[in-house]
Amino acid sequence: MINDQTNLSERAKNLDAPKKSWFQRLKEGLQKTGKNFTDKMDEVLKGYAKIDEDLFMDIEDLLIGADMGMDTTMNVVDTLREEVRTKGITDPSVIKNILAEILLARLEKYGNEISLVEKTPTIILIVGVNGVGKTTTIGKMAHYFKSKEKSVLMVAADTFRAAAVDQLKEWALRSDVDIIAQAEGSDPASVIFDGIASAKSKNKDVILCDTAGRLHNKKNLMNELNKIYRVIQREYPEAYLQTLLVLDATTGQNALSQAKEFNSFTELNGLIITKLDGSAKGGMVFPLQSEYGIPIKMIGIGEGIDDLKPFEAREFVEAIFSTEKFEK
Ligand SMILES: Nc1nc2c(ncn2[C@@H]2O[C@H](COP(=O)(O)OP(=O)(O)OP(=O)(O)O)[C@@H](O)[C@H]2O)c(=O)[nH]1
Ligand SMILES: [Mg+2]
């Protein structure tokens, strides 16, 4: 158990200090994506007096440049063409709003399911490749669930490095929740076993489990996860289990292949996209949603404790289009 830790670091204190509103920070975070996208779109639109096929081709190039991927781009532009035709639109300046609506509709179709703990107890298993932000996300999630009056337990099932356990312990301190950990090199499934026993005895609502981020295509990761699943099945079958994949927004299309890989060997219930602050590749959210149909549950926009929230499609699109509200 925890509490052998020294004071919080100065850096953490600074990161956790009160800041601008979430939407303001999201908008700033997505500025690079927005610039890549809406500013260029304004430029393109200015060059057209009427809507023609060349304009659609330019929009296609823009969407691909904003990391939306080929399939999603084709799909979106087809829908746009159709809308323009059926509504008899001729003014290019209206295109931006229509595009925003199309993108929003796609996200809402896949991304509405934001509630993570509709049933308790819930076990959340956080998976993902090295460095995407798993441990940090657990720290922020703990804080988020606490603010929703849930009792939280962290389980340090990334036993690969001692530093991983220490990092999670620091987060347990920052968000003031209990943590179960064992020594470096212990069997992750056995840490989860301990975690479940503790969660049951203390009536915890949410159990957040960190896992190691070794290469996702390695067979040992699959085996490790399967062993963890067996322990959860056996020890806490009544708990609501969610496996969430963390993806780093700055890796763009690479994140898509990670989603594909993980999705091929484990049942993913949702995605968490981190590092949307400062990523120019926020457009990757769109193909992610439509290609896998896995809802994005939360997004991270920084390293502070308040920098994680449930994903809201409308807010996200508004932030990319750098507008508080776009016209219907
Ligand atoms: N800017 C920014 N940095 C983030 C965000 N989330 C995580 N990070 C940083 O990304 C780095 C890696 O985060 P970790 O939480 O250690 O990632 P991990 O997936 O647990 O890494 P491993 O355990 O090594 O696999 C750290 O420096 C975090 O502070 C985010 O939303 N924004
Ligand atoms: Mg980690």
Side-chain angles (χ1 to χ4, degrees), residues 8-17 19-20 22 24-33 124-144 154-175 179-182 184-186 188 191-192 208-218 220-221 224-225 228 243-252 254-255 258-259 261-262 271-282 284-285 296-311 316 319:
L8 299 183
S9 67
E10 276 307 308
R11 184 160 177 268
K13 268 195 239 163
N14 288 338
L15 287 168
D16 296 346
K19 290 173 269 212
K20 298 174 190 164
W22 167 264
Q24 192 55 37
R25 283 184 290 134
L26 179 65
K27 222 164 88 172
E28 285 171 15
L30 288 172
Q31 224 167 36
K32 280 193 200 153
T33 303
I124 296 181
L125 201 61
I126 296 290
V127 299
V129 308
N130 280 31
V132 286
K134 296 179 295 298
T135 307
T136 309
T137 295
I138 289 180
K140 295 188 275 189
M141 276 178 118
H143 175 73
Y144 173 79
M154 287 183 184
V155 180
D158 176 1
T159 58
F160 202 54
R161 304 170 288 125
V165 177
D166 291 342
Q167 188 190 356
L168 197 67
K169 279 183 177 172
E170 173 160 345
W171 269 109
L173 266 184
R174 267 167 94 174
S175 46
I179 179 170
I180 293 294
Q182 289 180 14
E184 175 188 358
S186 330
V191 190
I192 301 253
L208 297 173
C209 309
D210 199 7
T211 66
R214 261 158 294 160
L215 274 182
H216 51 286
N217 52 7
K218 283 206 176 148
N220 62 354
L221 178 56
E224 192 168 297
L225 280 178
I228 287 174
T243 304
L244 304 182
L245 175 68
V246 178
L247 296 169
D248 173 346
T250 61
T251 65
N254 210 351
Q258 287 163 25
E261 187 86 38
F262 271 90
L271 306 172
I272 296 173
I273 317 297
T274 60
K275 311 189 197 181
L276 276 165
D277 51 311
S279 163
K281 302 178 186 231
M284 51 76 96
V285 159
I296 294 176
K297 299 271 185 174
M298 299 191 106
I299 54 173
I301 58 163
E303 296 173 277
I305 203 161
D306 279 321
D307 292 338
L308 183 88
K309 283 259 169 74
F311 176 69
F316 187 80

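When a ligand or atom number is given, it counts from 1 through the structure's own listing order.
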Using 0.5 Å steps for rounding, measure from the [atom1] atom of [X] to the [atom2] atom of [Y].
X: Ile192; Y: Ile180; atom1: CD1; atom2: CD1; value: 11.5 Å
X: Ile301; Y: Arg25; atom1: CD1; atom2: CZ; value: 4.5 Å
X: Ile273; Y: Lys297; atom1: CD1; atom2: NZ; value: 13.0 Å

Closest to atom 19 (O) of ligand 1 among Lys134, Lys140, Gln167 (heavy-atom distance)
Lys134
For the backbone of Val132 and the side chain of Thr274, can you confirm whether one donor and one acceptor N or O come within less than 3.5 Å of each other?
yes
Under 4.0 Å between heavy atoms, the region of Ile301 that gets near ligand 1 turns out to be backbone
Quick one: does ligand 1 sit under 4.0 Å from the side chain of Thr135, the backbone, both or neither, non-hydrogen atoms only?
both
Does [X] come within less than 4.0 angstrom of ligand 1, counting non-hydrogen atoms of the residue?
X: Gly302; value: yes
X: Asp307; value: no
X: Gly131; value: yes

Could you tell me whether any N, O or S atom belonging to Gln167 is less than 2.8 Å from the Mg ion (ligand 2)?
no
Hey, does [X] come in under 3.5 Å of ligand 1, counting only N/O atoms on both sides?
X: Arg161; value: yes
X: Val132; value: yes
X: Thr137; value: no

Check whether any side-chain heavy atom of [X] sits under 4.5 Å from a side-chain heavy atom of [Y], and report yes or no.
X: Leu244; Y: Thr137; value: no
X: Phe262; Y: Leu271; value: no
X: Met141; Y: Ile124; value: yes

For Asp158, counting its heavy atoms only, list the atoms of ligand 1 lying under 4.0 Å from any of them.
23 (O)
Out of all atoms in ligand 1, which are within 4.0 Å of some heavy atom of Gly300? Include the element for each.
31 (O)
My understanding is that only one of Asp248, Thr250, Thr136 makes a side-chain hydrogen bond (donor to acceptor under 3.5 Å, both in side chains) with Lys275; could you say which?
Asp248
